[in-house]
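Positions are given from 1 along the sequence. Below, each value reflects all heavy atoms present in this structure, side chains not excepted, and no hydrogens, waters or symmetry copies.
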Amino acid sequence: MRDVGLLALITAISVCGCAEGVAIKSYPLGAKAFVDGQYIGTTPAEAEIPRGAVGQPHSWRVEYRNCDSAEGQLQTRVAGGRIVAYIFTLGVVAIFKGPSYYPPVDAVLTGGDCEGPSRSRAPTNSGITIQQIVGDKNTASPNAADVEKTQRLSERLTTLRDLYNRKLLSEQEYQREKAKAVQEFSE
């Protein structure tokens, strides 16, 4: 009877506590991370893959506003240290962890308004700055209407930039709509 209880305990531990973790990091931080189409959180994020599903294909995707999404397949590697641990513990470690693991995913998002690692220098002046948009209004104490108007303009410019980056607006349309938005703001 005692052996049956011990066997039940070992079986319960091996079924319940066995999963492989996968860490997903991104640049920029705070991107939405998905594993097999399921949202797992914002980066850096971690997910658990059940031990029985470790050998099966799994996909990952990372999305961030105004950036091209990054995606791929999770790859497994053999953990040599675990195999050594199996030998020294006479297989006890094998109850808890399999021989494979997922190396961390490190996604670098590009496109749109994202900055890749190659842009480590200070950004160049790419058009309109906040100083040009707000003008003299930033020296006075802001009232609620001015703040709200500035926020609306910022959102509109961000939306236009996103449409341009997605190639839904030509450069001429983008420049025209951007100028029109700034003109409406200054009235």
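Gln75 CD to Gln73 CD: the interatomic distance, rounded to the nearest 0.5 Å, is 7.0 Å. To the nearest 0.5 angstrom, Leu157 atom CG is 7.0 Å from Tyr174 atom OH. The structure places OG1 of Thr43 at 9.0 Å from CD1 of Ile24, a figure rounded to the nearest 0.5 Å.
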Could you go through the side chain to side chain contact (heavy atoms under 4.5 Å, CB included) check for Val22 and Ile40 one step at a time? CA-CA 11 Å; Val22 59; Ile40 62 167; 5.8 Å; no
Between Glu177 and Arg156, is a side chain to side chain contact (heavy atoms under 4.5 Å, CB included) present by the stated rule, with each step listed? CA-CA 10 Å; Glu177 290 299 316; Arg156 187 164 172 197; 4.0 Å; yes
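Take Glu20 and apply the side chain to side chain contact (heavy atoms under 4.5 Å, CB included) test, not counting sequence neighbours, and it matches Val54, Arg82, Lys97, Tyr101, Tyr102. Looking at residues two or more places apart in sequence or on another chain, you find a ring pair (Phe, Tyr, Trp, His ring centres under 6.0 Å) between Phe34 and Tyr39. Residues that satisfy the side chain to side chain contact (heavy atoms under 4.5 Å, CB included) test with Gln38, not counting sequence neighbours, are absent from this structure. Looking at residues two or more places apart in sequence or on another chain, you find a side chain to side chain contact (heavy atoms under 4.5 Å, CB included) between Glu173 and Leu169, Ser170, Arg176. Considering only residues two or more places apart in sequence or on other chains, Glu171 meets the side chain to side chain contact (heavy atoms under 4.5 Å, CB included) condition with Tyr164, Gln175.
Of all heavy-atom pairs spanning Leu109 and Asp68, the tightest one is CD2-O, 3.5 Å. The two atoms that bring Val62 and Ala31 nearest to each other are CG1-CB, 3.3 Å, heavy atoms only.
Looking at Ser26, its side chain never comes within 3.5 Å of a backbone N or O of Ala107 through a donor-acceptor pair.
Applying the salt bridge (Lys or Arg N to Asp or Glu O under 4.0 Å) definition to pairs two or more places apart or across chains, none involves residues 28-48.
In the hydrophobic clustering, where aliphatic and aromatic side chains (Ile, Leu, Val, Met, Phe, Trp, Tyr) are joined below 4.5 Å either directly or transitively, Phe88 groups with Val84.
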